[in-house]
A.B. asks: 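Structure in structure tokens, see below.
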Amino acid sequence: DHVLPAGLASLIDHVEATTANGGETVLGGYQSMLMQLFNMCGLAPADHTVRTISMAAGQAATAIAVLRSGGALFTRFTNGVGAAVSLSTAGSARMRQCLWFQGESDQANANYVAEFIAMAGEIDTMARAATGQDEPCLTLTYQMDRPKSALWFADAAAQSPLIQIFAPSY
């Protein structure tokens with residue numbers, strides 16, 4: 001059993017079920033790293049104004065076309081963001097970033113870069129509408145160990161200010 005460090009009782013690890021495709025582990029690691037950072041800095045949740053809520057609105061082995069705006073999974077994502085906004089003090093919610101981990105199912109998709117850039121715009125539009133924020137919502141991604149995806153993410157980041165690569169993952 002995982003025990004939260006002292007002062008971090010209000011943070012809950014994000015746990016994702018393992019699937020036939022190996023599960024999605026990066027999001028859980030992200031939450032654990034945040035807890036460690038807060039602990040190392042001596043920050044109790046009540047002592048800072050930054051809150052993080054994570055969710056995995058997609059599903060394993062799914063092409064980007066299925067994840068984009070207008071589909072059931074994007075609707076689930078939008079509803080999750082709306083629920084997170086409803087938990088905040090009126091007018092205080094911001095969605096500054098979205099972690100994006102996908103691409104393994106699109107290795108034959110010649111239009112992936114354009115679709116990824118368009119989807120980052122859809123996420124930004126949804127975030128601004130849900131929160132009322134003026135600042136953009138960045139889509140943060142990593143260069144996964146699929147040769148095409150690694151190059152596609154680099155191309156997309158070079159073409160769109162909404163997409164940033166934050167760490168390679170091999």
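Bear in mind that the values here come from a model prediction, so they are computed numbers and not experimental data.
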A.B. asks: Among all residues two or more places apart in sequence or in another chain, which pass the side-chain hydrogen bond (donor to acceptor under 3.5 Å, both in side chains) test with Asp124?
C.D. replies: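 Once residues adjacent in sequence are excluded, the partners of Asp124 under the side-chain hydrogen bond (donor to acceptor under 3.5 Å, both in side chains) criterion are Arg128.
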A.B. asks: Could you pull out the closest heavy-atom pair between Asp106 and Trp152, with the gap in Å?
C.D. replies: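 Here Asp106 and Trp152 meet closest at O-CH2, 2.8 Å.
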A.B. asks: Can you find a heavy atom in the side chain of Leu151 that is under 4.5 Å from one in the side chain of Tyr112?
C.D. replies: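 They are not in side-chain contact.
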A.B. asks: Work out which heavy atom in Cys98 is nearest to a heavy atom in Cys137; give both atom names and the distance.
C.D. replies: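 Heavy atoms of Cys98 and Cys137 come nearest at N-SG, 4.0 Å.
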A.B. asks: Applying side-chain contact (heavy atoms from CB on, under 4.5 Å), can you list everything that pairs with Ser92, at least two apart in sequence or on another chain?
C.D. replies: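 Only Ser88, Thr89 meet the side-chain contact (heavy atoms from CB on, under 4.5 Å) criterion with Ser92.
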A.B. asks: Taking all heavy atoms of Ile163 and all of Ala156, pick out the closest pair and write down the distance.
C.D. replies: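 That would be CD1-CB, 3.8 Å.
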A.B. asks: For residues 131-140, which residue pairs pass the side-chain hydrogen bond (donor to acceptor under 3.5 Å, both in side chains) check, not counting sequence neighbours?
C.D. replies: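 Listed once each, the pairs are Arg94-Glu135, Thr131-Gln133.
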A.B. asks: Can you name the closest pair of heavy atoms from Val85 and Ala93 and give their distance?
C.D. replies: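 The answer is CG2-CB, 3.9 Å.
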A.B. asks: For residues 116-123, tabulate all N or O donor-acceptor pairs below 3.5 Å that involve a side-chain atom, not counting sequence neighbours.
C.D. replies:
from, atom 1, to, atom 2, distance (Å)
Glu122, OE1, Arg68, NE, 3.3
Glu122, OE1, Ser69, N, 3.0
Glu122, OE2, Arg68, NE, 3.2
Glu122, OE2, Arg68, NH2, 2.5

A.B. asks: Give every residue pair that meets the salt bridge (Lys or Arg N to Asp or Glu O under 4.0 Å) criterion with at least one member in residues 156-166, sequence neighbours excluded.
C.D. replies: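 Found none.
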A.B. asks: What heavy-atom pair brings Leu138 and Pro161 nearest, and what distance separates the two atoms?
C.D. replies: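 Closest heavy-atom pair between Leu138 and Pro161: CD2-O, 3.4 Å.
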